[in-house]
Novice: 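One structure coming up, written as structure tokens, with questions to follow.
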Amino acid sequence: MFLANSSLVSLAISISERRRLIETWQRVFGSLAGNFIAFALLGLLLGLLKVLLGWSSVFFVLMPLLVARQAFQAAATMQGAYDETVKGLVAAIEAKDPYTRGHAQRVSQLSEMTARAYGLSEERCRAIRYSALMHDIGKLGVWNTVLKKPGKLTPEEYEHMKDHPVLGVEIVSEIDLLQEAIDGVRHHHERMDGHGYPDGLKGEDIPLFARLIMVCDAFDSMTSTRVYRVAKTIEEAFDELRRCAGTQFDEACLHALDRAVAREGWEPIGREELDELPVELKVEPTPATEMEKGPSDGSQAASI
Amino acid sequence: MGRKPLLSSDYLIGGGALAALAVALVLFATSDIAHHGHELHVFGAFALLVAASEMFEVTLPNDRQFSLGIAPALGFALYGSIVPVYMHKSIPEVLSVFAVGVGLATLMRVSMKKPLQLIDAAIHFVALAGGAAVYQAFASLAATMGANNHGGRAFIFNTCLHKTAHGCTSTTGDGFTDLSIFGLLAMLLVVVIIETTLNAYRQVERNPVPVLPIFKDQIRSTGALHLSILSVGSLLAIAYPPLGPWAFPLFLAPLAATQFAFRQFASIRKTYLQTIGALSRVPEMAGYTQPGHSKRVAHLAVEIAQELGVNQAEIDEIEYAALLHDIGRVSIPDPQDAADASKLELALTGAGIVRETGHFPRVAEMIEHQYEPYRRRGEDANPGLSMGAKIIKVCSAFDDLTRPGATLGLSTWDVLERLHLGMAYEFDPAVIQALTRVLEKRGEA
């Protein structure tokens with residue numbers, strides 16, 4: 001019965017979303033099999049109890065399960081409230097800069113998708129969601145004047161800007177997150193060739209969470225419209241990321257992002273509003289306005 | 001409770017439990033069960049089960065641990081009254097089973113270097129004694145009623161222990177007694193009342209605050225748990241005679257589900273608070289407010305709220321609001337302008353941020369009203385102000401005047417005097433009085 005049910009549901013989903021049937025079935029089956037087996041066993045158990053011990057035993061089994069269900073439900077409600085509250089607060093905090101509005105939220109979503117495509121466990125996928133959501137939280141500790149400066153930063157200002165991952169760790173380390181998630185915040189500006197900051201880690205030494213967040217961060221920056229340029233298309237962004245693969249980004253993570261975006265889709269931000277944009281922005285995405293906060297590497301700038 | 005100093009009530013509870021245990025053990029040693037080898041294995045099995053369940057700890061929402069050894073002990077008490085062969089099995093035996101189980105669990109805890117839960121076990125012990133006694137009284141009452149008049153059976157569960165071709169026959173003839181539903185309810189009531197009273201009393205002894213809200217919170221946080229525990233205990237009692245030790249997994253499964261659910265809830269709640277606490281540091285880090293301000297305000301606000309007898313759910317919200325009361329400041333472009341910005345506007349912005357997340361309308365409202373005076377000249381006290389807003393107003397003002405490096409360099413006493421001057425107009429006198437009491441307890445005033 002369960003097999004038939006899950007197959008039919010998957011068929012419907014794969015028709016409506018035009019995905020491969022097997023893959024959908026695996027997902028549907030995977031998420032429901034545990035539940036189904038548990039309920040089947042529970043039904044069997046209750047039946048047995050009724051026969052063996054009478055109705056009162058059924059009542060005595062159901063009562064604690066009901067209480068547990070209540071607690072589970074309260075936990076689920078609270079988890080939902082938690083997610084929304086953290087999202088809301090992070091969004092409010094980053095709202096200071098209207099051009100990065102929603103950035104953290106999108107990087108969070110992208111990172112979770114990418115981590116899933118990379119094959120990480122469900123628990124780690126959830127952890128990277130929070131890690132990515134708060135990856136730039138330390139920026140608030142950076143002087144506003146630096147953050148909002150339209151032109152090139154002085155070396156001193158740039159050094160100060162580089163403190164933001166460390167400041168971010170100072171904040172998130174108060175939360176009981178996986179250590180990986182905290183490392184993700186600290187190292188999201190490292191580079192594969194070791195020229196990143198704050199610790200100049202190289203290649204595989206960079207924690208996986210950081211490598212994933214790095215790629216997603218850069219991807220979202222490129223596909224969002226900023227004050228100094230219009231968003232790139234998905235293809236343009238991937239071309240640019242591929243150019244930097246190996247030196248700046250981890251190739252495996254980039255592939256995972258590619259797969260995730262191909263599977264779940266992604267829309268560049270702000271391109272559809274091209275016509276409504278102020279005139280000077282539309283006609284002048286020239287090198288002069290293409291201000292880079294940092295060394296003159298395109299995606300490095302985009303990822304700050 | 002490991003590291004906290006023992007209270008006088010702890011000695012009282014522990015001593016009482018030990019004395020009762022001594023009596024129980026003597027009675028047990030002289031009773032029949034100790035002389036009948038074939039009954040000892042039941043005793044041993046239940047004691048092991050108590051020990052195993054005692055290692056299960058449910059984390060309550062207030063972070064207190066609640067170990068579950070009382071569940072099989074209750075089951076044993078009920079079992080004793082179900083199976084007539086053991087009818088003489090009485091309270092001393094039940095208490096002995098529990099004590100032996102707790103003793104084993106304690107040995108395991110010592111070897112695993114886990115914190116001991118002896119006072120909690122003593123409280124369970126007292127509750128168990130009360131519950132078992134009450135149930136026995138009800139069960140014998142039901143039995144006489146059942147014997148005299150079959151109407152008595154309307155009040156009992158049909159446990160169907162003895163199945164015959166004609167269906168279930170119980171209570172009469174075959175020697176099995178049913179569970180009395182009134183007895184179970186009375187048992188639940190007595191266990192909850194004893195546990196809640198003792199725990200609330202200990203809490204109040206540690207920090208003298210109004211007892212009624214604590215009592216209510218205790219019932220709210222453990223009531224459902226006790227219902228579960230008694231249910232699985234009853235299940236064990238009726239499942240053990242036909243199933244033997246096979247009843248144990250049946251008993252442990254719902255218990256494990258309960259424990260898992262409670263732990264998940266407690267862990268999310270904790271992460272929630274930690275995250276809000278962490279994010280509340282953002283305005284400080286950006287230089288809008290003094291380092292540590294929101295944490296100190298939140299800490300003080302919680303203490304004052306407890307002092308005023310606010311319930312736990314509202315205390316949680318007050319804590320969130322206190323942590324986030326300055327969040328609106330991040331809307332100012334430059335920290336240097338923070339002093340010029342309108343406080344009311346910042347409060348509104350902060351409230352808007354919290355309101356937008358959609359989950360804490362009351363927290364948003366507390367943040368919005370954090371600068372509202374208690375009452376304006378010539379008017380009555382503003383009835384629309386929530387307790388949280390009034391508390392945060394006082395705490396924030398207090399911290400601004402006393403924080404490390406405060407420019408005025410006033411003593412705590414001077415600051416209290418200043419706040420007293422603003423009493424009745426700026427600040428709620430009740431909150432100021434609570435603040436004074438909290439500071440006295442801390443030894444700061």
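Letters A, B, ... are given to chains in the order of the sequence lines, protein chains preceding strands, and every chain is numbered from 1. These numbers come from a predicted model, not from an experiment.
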Novice: Any side-chain heavy atom of A:Val86 sitting closer than 4.5 Å to one from B:Ile276?
Specialist: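 Result no, sub-4.5 Å side-chain heavy-atom pair not found.
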
Novice: Who among B:Ala278, B:Ala266, B:Ser280 has the most heavy-atom pairs with chain A under 4.5 Å?
Specialist: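 Of B:Ala278, B:Ala266, B:Ser280, B:Ala278 has the most heavy-atom pairs under 4.5 Å with chain A.
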
Novice: Using a cut-off of under 4.5 Å for heavy-atom pairs, which of A:Ser173, A:Ala81, A:Ala71, A:Ala75 has the most such pairs with chain B?
Specialist: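 Most pairs with chain B among the choices: A:Ala81.
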
Novice: Between A:Ala68, A:Gly80, A:Gly138, which residue shows the highest count of heavy-atom pairs closer than 4.5 Å to chain B?
Specialist: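 When all of A:Ala68, A:Gly80, A:Gly138 are compared, A:Ala68 has the most.
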
Novice: Measure the spacing between CD1 of B:Ile353 and CG of A:Leu89 and express it to the nearest 0.5 Å.
Specialist: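 One gets 7.5 Å once the value is rounded to the nearest 0.5 Å.
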
Novice: Restricting to side-chain contact (heavy atoms from CB on, under 4.5 Å), what partner residues turn up for A:Glu190, sequence neighbours left out?
Specialist: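 Counting only residues at least two positions away or on another chain, A:Glu190 forms a side-chain contact (heavy atoms from CB on, under 4.5 Å) with A:His187, A:Pro198, A:Asp199, A:Leu201, A:Ile206.
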
Novice: What is the minimum heavy-atom distance between A:Asp176 and B:Gln274, and which atoms define it?
Specialist: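 Scanning both residues, the minimum pair turns out to be N-OE1, 2.8 Å.
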
Novice: Any chance NE2 of B:His299 has more than 12 other-residue heavy atoms, nucleotides or ligands included, within less than 6.0 Å?
Specialist: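 No, NE2 of B:His299 has 12 or fewer neighbouring heavy atoms, counting only those of other groups under 6.0 Å.
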
Novice: Who among B:Phe262, B:Tyr272, B:Phe251, B:Phe260 has the most heavy-atom pairs with chain A under 4.5 Å?
Specialist: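 It is B:Tyr272.
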
Novice: Mind checking the OG-CZ spacing from B:Ser231 to A:Phe60? Nearest 0.5 Å is all I need.
Specialist: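 Result: 6.5 Å between the selected atoms.
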
Novice: Where do B:Ala257 and A:Leu65 come nearest, in terms of heavy atoms and distance?
Specialist: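 Looking at all heavy atoms of both residues, the closest pair is CB-CD2, 4.2 Å.
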
Novice: Looking at every heavy atom in both B:Thr357 and A:Gly88, which two are closest together, and how far apart are they?
Specialist: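 Between these two residues, the closest heavy atoms are CG2-CA, 3.7 Å.
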
Novice: Would you kindly say whether A:Thr85 and B:Tyr320 are connected by a side-chain donor-acceptor distance under 3.5 Å?
Specialist: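 Side-chain D/A pair, A:Thr85 to B:Tyr320: absent.
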
Novice: Could you look at B:Phe360 and say if it's the side chain, the backbone, both or neither that has a heavy atom under 4.5 Å from chain A?
Specialist: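 Contact with chain A: side chain only.
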
Novice: Check whether B:Leu324 gets within reach of chain A through its side chain, its backbone, both or neither, counting any heavy atom under 4.5 Å.
Specialist: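 For B:Leu324, the side chain is the part near chain A, not the backbone.
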
Novice: What distance do B:Arg281 atom CZ and A:Leu167 atom CG have between them, rounded to the nearest 0.5 Å?
Specialist: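 Here the rounded value is 9.5 Å.
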
Novice: So that I know where these two stand, are B:Phe265 and A:Phe72 an aromatic pair - ring centroids less than 6.0 Å apart?
Specialist: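 No; A:Phe72 has its ring centre 6.0 Å or more from that of B:Phe265.
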
Novice: Find the one option among A:Met78, A:Met63, A:Met134 whose heavy-atom pairs under 4.5 Å with chain B are most numerous.
Specialist: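 Highest number of heavy-atom pairs under 4.5 Å: A:Met78.
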
Novice: Should the heavy atoms of other residues, nucleotides or ligands under 6.0 Å from CD of B:Glu345 be counted, would the total exceed 12?
Specialist: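 No, not enclosed.
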
Novice: Quick one: of B:Leu230, B:Val282, B:Leu225, who has the most non-hydrogen atom pairs under 4.5 Å with chain A?
Specialist: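 Heavy-atom pair counts peak at B:Val282.
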
Novice: Walk me through it: do A:Tyr82 and B:Thr275 pass the test side chain to side chain donor-acceptor pair (under 3.5 Å)?
Specialist: CA-CA 9 Å; A:Tyr82 172 72; B:Thr275 309; 2.7 Å; yes

Novice: More than 12 foreign heavy atoms under 6.0 Å from NZ of A:Lys162: is that the case here?
Specialist: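 Counting neighbours around NZ of A:Lys162, more than 12 heavy atoms of other residues, nucleotides or ligands fall under 6.0 Å, so yes.
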
Novice: Do the charged groups of B:Lys295 and A:Glu174 touch, with an N to O distance under 4.0 Å?
Specialist: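 Salt bridge between B:Lys295 and A:Glu174, a charged N being under 4.0 Å from a carboxylate O: yes.
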
Novice: Check each atom of B:Leu236 against the heavy atoms of chain A and say whether the ones under 4.5 Å are side chain, backbone, both or neither.
Specialist: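 For B:Leu236, there is no contact with chain A at all, as no heavy atom is under 4.5 Å.
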
Novice: Locate the shortest heavy-atom distance separating B:Val232 from A:Pro64; write the atom from each residue and the value.
Specialist: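 So the minimum-distance heavy-atom pair works out to CG1-CG, 3.6 Å.
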
Novice: Evaluate whether atom CD of A:Gln179 has more than 12 neighbouring non-hydrogen atoms of other residues, nucleotides or ligands under 6.0 angstrom away.
Specialist: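 Check passes, neighbour count above 12.
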
Novice: Mind jotting down which residue pairs meet the side chain to side chain donor-acceptor pair (under 3.5 Å) criterion with at least one end in residues 63-80 of chain A? Sequence neighbours excluded, please.
Specialist: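 Output for this query lists A:Arg69-A:Gln73, A:Gln79-A:Asp83, A:Gln79-A:Tyr130.
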
